[in-house]
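Working notes, beginning with the structure itself.
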Amino acid sequence: MSLSRLQTIKPGDLLPVREFKPDNVQLFFYNAALWNAHRIHFDQPYATEVEGYPGLVIAGPLLGDWLNQSVVDWVGEDGVLACIEYSNRKASYIGETLRSGGKVLAIDLDKREVELEVTIKNEADDVIAPGVAIARFHCEPKD
Amino acid sequence: MSKLLSAELMANVGRRSQPRQELVARREIRKYAIATGQRQKKYLDGDEAPPMFHVALFWDVVELDQLTPDGVSIDSLLPKFPLERAMAGGLRIEYHRPIMAGDLLTATRTLTDIYEKQGSQGPLIFYEVVMEVVNEKGEPVLTEKTTRILR
């Protein structure tokens, strides 16, 4: 019998880094899917001249979604995302390249749970959305 | 005692929204999955909703004349706060079971807390809203706690 995947995971293991460069079409689709008409996401003169932002603001929950994705894509079919907590610390704008990633903090073999730190970083390497998540692995490893 | 949080304002803690029921349509899952750049086939095909799809599912569908000039809809669960400028907030989500196309889900939102903290540039008001989502059998689907900061 080979080791189950859970048994091979160690604290400090890194999640794959994924790069995001959202454009205004993606941001439009995202806010349309929500029914979110906040002008800072699509009205360039409003965002810059009235609100004083350097550009169109990437929606905060979209960054949150990417944190969720970094966990479910890492876990795959071996488990589920049980819990996630994150905050939007700093705004980001269309034109920026962002990166999601994370690392394993702790493993609870009895509960089959892995605690993860997840982040969205900007080009300056600032963490603009930090989070922690719990991934729960299934009892039977899938063949 | 807090300077900003009157007894009248604090009386809003515990206020609960009317339950909202929504049917999960495959098309809506697909749109959300594409817009968020999902990579897994089950999400892109709309069989299962990716995490955080509930944010879109239960976003208030308001009429055009109910939007403020900046395009925002007013959250009727919230009282008028003495501070108004919203700062970044946070979210905590517990997922109990996946959301599948065809699910009929019910969400209830509760204003669970209001508190004040001293920030470096003045007072801050924090408030927390908990959204409970259950399926047609009343089984828990997810619990989401939003924390927002006003300055």
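Letters A, B, ... are given to chains in the order of the sequence lines, protein chains preceding strands, and every chain is numbered from 1.
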Evaluate whether atom [atom1] of [X] has more than 12 neighbouring non-hydrogen atoms of other residues, nucleotides or ligands under 6.0 angstrom away.
| X | atom1 | result |
| --- | --- | --- |
| B:Gln121 | CD | no |
| A:Phe28 | CZ | no |
| B:Glu8 | CD | no |
| B:Lys42 | NZ | yes |
| A:Arg18 | CZ | yes |
| B:Arg16 | CZ | no |
| A:Phe29 | CZ | no |

Looking at every non-hydrogen atom in both residues, tell me the closest pair between [X] and [Y] and how far apart they are.
| X | Y | value |
| --- | --- | --- |
| B:Asp70 | A:His38 | O-CD2, 3.3 Å |
| A:Val72 | B:Gln40 | O-NE2, 3.1 Å |
| A:Ile84 | B:Tyr95 | CG2-CE1, 4.1 Å |
| B:Thr36 | A:Gln26 | C-NE2, 3.9 Å |
| A:Cys83 | B:Glu94 | SG-CG, 3.9 Å |

4.5 Å side-chain heavy-atom contact, B:Pro69 and A:Arg39: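 No. Closest side-chain heavy atoms not under 4.5 Å.
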Under 4.5 Å from any heavy atom of chain B - which part of [X]:
| X | result |
| --- | --- |
| A:Tyr86 | both |
| A:Asp43 | neither |
| A:Leu62 | side chain |
| A:Arg136 | neither |
| A:Gln69 | side chain |

Heavy-atom pairs under 4.5 Å with chain B are the metric here; pick the option from A:Ala33, A:Pro61, A:Gly64, A:Ala82 that has the most.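 Ranked by heavy-atom pairs under 4.5 Å with chain B, first place is A:Ala82.
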Looking only at heavy atoms, which of residues 51-66 of chain B get nearer than 4.5 Å to chain A?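 Answer by number: B:Pro51, B:Met52, B:Val55, B:Ala56, B:Trp59, B:Asp60, B:Val61, B:Val62.
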With clusters defined by side-chain heavy atoms of hydrophobic residues (ILVMFWY) lying less than 4.5 Å apart, directly or transitively, does A:Trp35 cluster with A:Val57?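 Hydrophobic grouping puts A:Val57 apart from A:Trp35.
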Common cluster, B:Leu23/B:Met100, ILVMFWY with side-chain heavy-atom separation under 4.5 Å: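 No: no chain of side-chain contacts under 4.5 Å links B:Leu23 to B:Met100.
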Taking atom CD of B:Gln38 and atom CH2 of A:Trp66, what is their separation to the nearest 0.5 Å?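 Between atom CD of B:Gln38 and atom CH2 of A:Trp66 there are 11.0 Å.
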So how far is it from A:Asn88 CG to B:Ile149 CD1, rounded to the nearest 0.5 Å?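 The CG atom of A:Asn88 sits 10.5 Å away from the CD1 atom of B:Ile149.
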Counting heavy-atom pairs under 4.5 Å to chain A, which of B:Thr143, B:Val72, B:Leu91 comes out on top?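 Option with the greatest count: B:Leu91.
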Would you mind checking which part of B:Ile93 comes under 4.5 Å of any heavy atom in chain A, side chain (CB onward), backbone (N, CA, C, O), both or neither?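 Backbone plus side chain of B:Ile93, per the 4.5 Å heavy-atom cut-off to chain A.
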